[in-house]
Amino acid sequence: MKKIILVLAIAIIASCKTKETSMKEIKRVVTTKSMVEVKTDIVWKKLIDFGGTEKFVPELIEKVNVEGKGIGAVRNIYLKGGGEIIEKLTKIDDANLLMEFVILSTPMPISKYTGIFEVNKVSSNKCEVTFTSKYSVSVKNEKEIESVIKGFQETFVSNLDK
């Protein structure tokens, strides 16, 4: 199932050369929660490092380059089959294990994307990770994009133990 969703994501990204501007955009929120069998501090460090994203979604991402560290760091994500996503780290809250980033550029027909990660310790070797995506999308692309984003979130979180 995950592979089908990722193949669909690649097809959508490759076919969407321009954003739909004539359609009314609506705001959407997609959230995935999952248990990760890794120490909380290790997962947190992976997330705020803002690099290594290709390890978490290897079927979709060819390589990632990160410029800078901490808030303000920018990562360029190069997709298999072509396409690039540029993201900027905008918030790190170490006390609450919460981080946010925004998409500056994407071939997907979305706008105003904010990604939010929250990590909660469950036990010494287990934590719960919540990945929330907030974005605007045209009504025409709403269901398709929601499916792509949900599949990406699930794959990303399931690979945090790598």
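Here the structure is a predicted model, which means the values were calculated and not measured. Worth knowing before you read on, the calculation uses all heavy atoms, side chains too, and leaves out hydrogens, waters and symmetry mates.
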Participant: Can you see which heavy atom on S158 is nearest to which on T155, and at what distance?
Facilitator: OG-O, 2.9 Å
Participant: Quick check against the 3.5 Å criterion: does K46 have a side-chain atom that pairs as donor or acceptor with the backbone of G51?
Facilitator: no
Participant: Has the side chain of S147 got a donor or acceptor atom that lies under 3.5 Å from a matching backbone atom of K143?
Facilitator: no
Participant: Could you check whether Q153 and S133, counting side-chain N and O atoms only, form a donor-acceptor pair closer than 3.5 Å?
Facilitator: yes
Participant: With side-chain contact (heavy atoms from CB on, under 4.5 Å) as the test, pick out the partner of E87 among I77, L104, V102.
Facilitator: I77
Participant: What's the shortest heavy-atom distance between L79 and P107, and which atoms?
Facilitator: CD1-CG, 4.4 Å
Participant: Any salt bridge linking R28 with E142? Criterion: basic side-chain nitrogen under 4.0 Å from a carboxylate oxygen.
Facilitator: yes
Participant: Which value, rounded to the nearest 0.5 Å, describes the distance between S138 atom OG and I26 atom CD1?
Facilitator: 8.0 Å
Participant: When rounded to the nearest 0.5 angstrom, what is the spacing between CD1 in I110 and OH in Y135?
Facilitator: 7.5 Å
Participant: Would you call L160 and V129 a side-chain contact if the rule is heavy atoms closer than 4.5 Å?
Facilitator: yes
Participant: Provide the closest heavy-atom pair for K88 versus G72 in the form atom of the first, atom of the second, distance.
Facilitator: CE-CA, 3.9 Å
Participant: Output the distance between atom CG (D94) and atom CH2 (W44), rounded to the nearest 0.5 Å.
Facilitator: 6.0 Å
Participant: Looking only at heavy atoms, what is the nearest atom pair of S136 and K27, with distance?
Facilitator: OG-CG, 3.8 Å
Participant: Would you say the side-chain atoms of R75 pair up with the backbone N or O of N65, donor to acceptor, closer than 3.5 Å?
Facilitator: no
Participant: Would V66 and V74 count as a side chain to side chain contact (heavy atoms under 4.5 Å, CB included) here? Give the steps.
Facilitator: CA-CA 6 Å; V66 178; V74 174; over 6 Å; no
Participant: Taking K162's backbone N and O only, do any of them form a donor-acceptor pair with N159's side chain (distance below 3.5 Å, no angle check)?
Facilitator: no
Participant: Testing the 3.5 Å rule here: is there a donor-acceptor pair between the side chains of E154 and S34?
Facilitator: no
Participant: Treat each ILVMFWY residue as a node, draw an edge where side-chain heavy atoms are under 4.5 Å apart, and state whether V148 and Y78 are in one component.
Facilitator: no
Participant: Locate the shortest heavy-atom distance separating E62 from E54; write the atom from each residue and the value.
Facilitator: O-CB, 4.4 Å
Participant: Can I116 be reached from V57 by stepping across I, L, V, M, F, W or Y side chains whose heavy atoms are under 4.5 Å apart?
Facilitator: no
Participant: What's the separation between atom CD1 in I85 and atom OH in Y113, rounded to the nearest 0.5 Å?
Facilitator: 9.0 Å
Participant: Please check if the side chain of D93 supplies one atom and the backbone of A95 the other of a donor-acceptor pair under 3.5 Å.
Facilitator: yes
Participant: NZ/K140 to CD1/I145 distance, rounded to the nearest 0.5 angstrom?
Facilitator: 11.5 Å
Participant: V119 vs L47, test: side chain to side chain contact (heavy atoms under 4.5 Å, CB included). Steps then yes/no.
Facilitator: CA-CA 10 Å; V119 182; L47 292 173; 3.7 Å; yes
Participant: Please name the pair of heavy atoms, one in I48 and one in L89, separated by the smallest distance, quoted to 0.1 Å.
Facilitator: O-CD2, 4.0 Å
Participant: Is it possible for you to say whether V36 and I42 belong to one hydrophobic cluster, with membership spreading through side-chain heavy-atom contacts below 4.5 Å?
Facilitator: yes
Participant: Using the ring of each side chain (for Trp, its six-membered ring), is F131 parallel, tilted or perpendicular to F152, with breaks at 30° and 60°?
Facilitator: perpendicular
Participant: May I have all residue pairs that pass side chain to side chain donor-acceptor pair (under 3.5 Å) and include part of residues 114-131, sequence neighbours excluded?
Facilitator: none
Participant: Decide yes or no for I103 and I86: does some side-chain heavy atom of the first lie under 4.5 Å from some side-chain heavy atom of the second?
Facilitator: no
Participant: Measuring from atom CD1 of I61 to atom OG1 of T53, what distance do you get when rounded to the nearest 0.5 angstrom?
Facilitator: 5.5 Å
Participant: Do V139 and V137 land in one hydrophobic cluster if side-chain heavy atoms of ILVMFWY residues count as linked below 4.5 Å?
Facilitator: yes
Participant: Hey, quick one: are L98 and V157 part of the same hydrophobic cluster, counting side-chain heavy atoms closer than 4.5 Å, chains of contacts allowed?
Facilitator: no
